[in-house]
Every structure is written in C-alpha cells, then in structure tokens.
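The next block holds one structure in the form of structure tokens; read it before the comments.
Every value quoted in this text rests on a predicted model; they were computed, and no experiment measured them.
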Amino acid sequence: MANAVSGMAVHDECKLKFLELKAKRNHRFIVFKIDEKIQQVTVERVGSPQASYEDFTKSLPADECRHAVFDFDFTTSENVQKSKIFFIAWAPDASRVRSKMVYASSKDRFKRELDGIHVELQATDPSEMSLDIIKGRAL
C-alpha cells in the first residue's frame, strides 16, 4: 500500500484513531508524523475530547512538519450545532527542506485514507491557522 510518489505506508492505527474521532468523537485532534526510517505515517499525539484548539496548536512542533486533523465544533448563524473535520498540513519555515518535500508528496494519498475530511488547510506558521481562520473556513 505504499505511495508510489513518496513510498509512505499508512499505519493502521492512523485510520483507526481517525475513525474514532469521526464516528465516536473520542478525540479532539490527532497529530500524525512520518517516520522516514520505516517510511510510514504514524500517530504521534491524540487530544482528548475536552482538548482546546490551543492545546492542538501547542502540540505541533515549531521546526518539524506534521499532518493533523482537528474536529472543530461550532454554531451556525441559525443556532445549529455543527462539527467539521479539518486536515492541516503543517510545514513550518524552520523545518528541513527534505521533510517538507516528503510531507507534501505524501499528503494527498494520506488524506484519501482518512475518509470524512471537510476542510483542508496548509500552514507554515501559527497565524495561518488561527482560530479566526478555522471559524471562517468552517462556516
């Protein structure tokens, strides 16, 4: 199942945790890391259902790329409670060029493994994924 472009496999735990987030709402967010030694996407960190967006942003390293999903709850202008799952491609400017290339080349295939993503966001620094931007993209 390796991706022909990047050679990355997706660990079964990634899909399992994502299904738990989507169907059971057991998690608020999941941070995925590519282990370049074994050429596989793995789960690095999982946020509890009570975790905040700030908890999520703090869990992303300042100098390394990551893929992540965040389950964002919001209320529409009609006062309806909704939720959207964001896929965030985190590639900070301080990360290695090779790492950026590996994450970029594996992103689309990895995202296809996670059925149920509503919004995709790419960010190179925290300002590009502020809560205001998330809210704006959710509505």
Side-chain angles (χ1 to χ4, degrees):
M1 273 195 133
N3 181 347
V5 177
S6 67
M8 289 298 149
V10 177
H11 194 281
D12 288 341
E13 185 188 17
C14 297
K15 294 181 241 180
L16 179 70
K17 292 292 181 196
F18 180 76
L19 283 172
E20 289 174 357
L21 176 141
K22 184 175 93 169
K24 299 178 184 170
R25 301 184 63 107
N26 290 4
H27 318 297
R28 175 65 56 199
F29 65 85
I30 309 168
V31 178
F32 302 99
K33 179 180 183 175
I34 293 177
D35 187 329
E36 291 183 42
K37 289 185 183 83
I38 60 171
Q39 298 284 293
Q40 191 172 56
V41 182
T42 59
V43 172
E44 180 180 55
R45 189 170 288 125
V46 176
S48 74
Q50 294 77 32
S52 68
Y53 188 71
E54 186 179 345
D55 296 332
F56 165 65
T57 57
K58 284 181 180 174
S59 73
L60 296 171
D63 59 352
E64 290 182 43
C65 299
R66 293 292 186 270
H67 293 315
V69 290
F70 184 82
D71 187 9
F72 180 65
D73 293 325
F74 62 100
T75 306
T76 66
S77 56
E78 294 85 34
N79 209 25
V80 177
Q81 283 292 118
K82 286 198 168 187
S83 164
K84 285 201 176 166
I85 298 173
F86 279 75
F87 179 90
I88 297 169
W90 174 245
D93 291 330
S95 58
R96 296 183 348 257
V97 172
R98 172 165 169 65
S99 178
K100 289 180 194 177
M101 289 170 48
V102 168
Y103 275 82
S105 67
S106 65
K107 179 187 71 156
D108 288 337
R109 180 186 176 274
F110 178 60
K111 208 173 79 172
R112 280 195 299 274
E113 295 280 340
L114 308 178
D115 185 39
I117 301 286
H118 298 114
V119 183
E120 180 184 333
L121 201 63
Q122 295 189 8
T124 58
D125 74 66
S127 70
E128 294 176 357
M129 51 182 257
S130 69
L131 194 52
D132 289 340
I133 289 172
I134 295 291
K135 286 177 184 173
R137 294 287 300 272
L139 298 173

Might you point out which heavy atoms bring [X] and [Y] nearest each other, and give the distance in Å?
X      : Y      : result
Ser83  : His118 : O-CE1, 4.1 Å
Phe86  : Ile134 : CZ-O, 3.3 Å
Ser106 : Met8   : CB-CG, 3.9 Å
Leu60  : Ala68  : CD2-CB, 4.3 Å
Glu54  : Thr57  : O-OG1, 3.0 Å
Arg25  : Pro49  : O-CG, 3.7 Å

Nearest 0.5 angstrom please: [X] [atom1] to [Y] [atom2], how far?
X      : Y      : atom1 : atom2 : result
Tyr103 : Lys33  : OH    : NZ    : 7.0 Å
His27  : Gln50  : NE2   : CD    : 12.0 Å
Glu113 : His11  : CD    : NE2   : 13.0 Å
Thr75  : Leu139 : OG1   : CG    : 9.5 Å
Cys14  : Gln40  : SG    : CD    : 7.0 Å
Phe87  : Phe32  : CZ    : CZ    : 8.0 Å

Is there a side chain to side chain contact (heavy atoms under 4.5 Å, CB included) between Ile34 and His67 once you walk through the steps?
CA-CA 8 Å; Ile34 293 177; His67 293 315; 4.2 Å; yes
Plane angle bin for Phe56 and Phe70 - parallel if under 30°, tilted between 30 and 60°, otherwise perpendicular
tilted
So, applying side chain to side chain contact (heavy atoms under 4.5 Å, CB included) with Ile30, which one of Val69, Leu114, Asp71 is it?
Val69
Check the pair Glu128 / Gln122 against side chain to side chain contact (heavy atoms under 4.5 Å, CB included), numbers first and verdict last.
CA-CA 8 Å; Glu128 294 176 357; Gln122 295 189 8; over 6 Å; no
Would you say Ser59 and Glu44 make side-chain contact, with heavy atoms under 4.5 Å?
no
For Ser95 and Glu64, which I'm curious about, is there any donor-acceptor pair between the side chains at under 3.5 Å?
no
Hydrogens and angles aside, do Ser130 and Asp132 bring a side-chain donor and acceptor to less than 3.5 Å of each other?
no
Counting distance only, does the side-chain N/O of [X] pair as donor-acceptor with the main-chain N or O of [Y] below 3.5 Å?
X      : Y      : answer
Trp90  : Pro61  : yes
Arg137 : Val119 : no
Arg66  : Ile88  : no

Using a strict 4.0 Å threshold on nitrogen-to-oxygen distance, state whether Arg28 and Asp73 make a salt bridge.
yes
Connected via hydrophobic side-chain network under 4.5 Å: [X] and [Y]:
X      : Y      : result
Leu19  : Ile117 : no
Val10  : Val31  : no
Leu131 : Phe29  : yes
Ile133 : Ile85  : no

Verify the ring-centre separation between Tyr53 and Phe72: is it less than 6.0 angstrom?
no
Got more than 12 heavy atoms from elsewhere within 6.0 Å of CG, Asp63?
yes
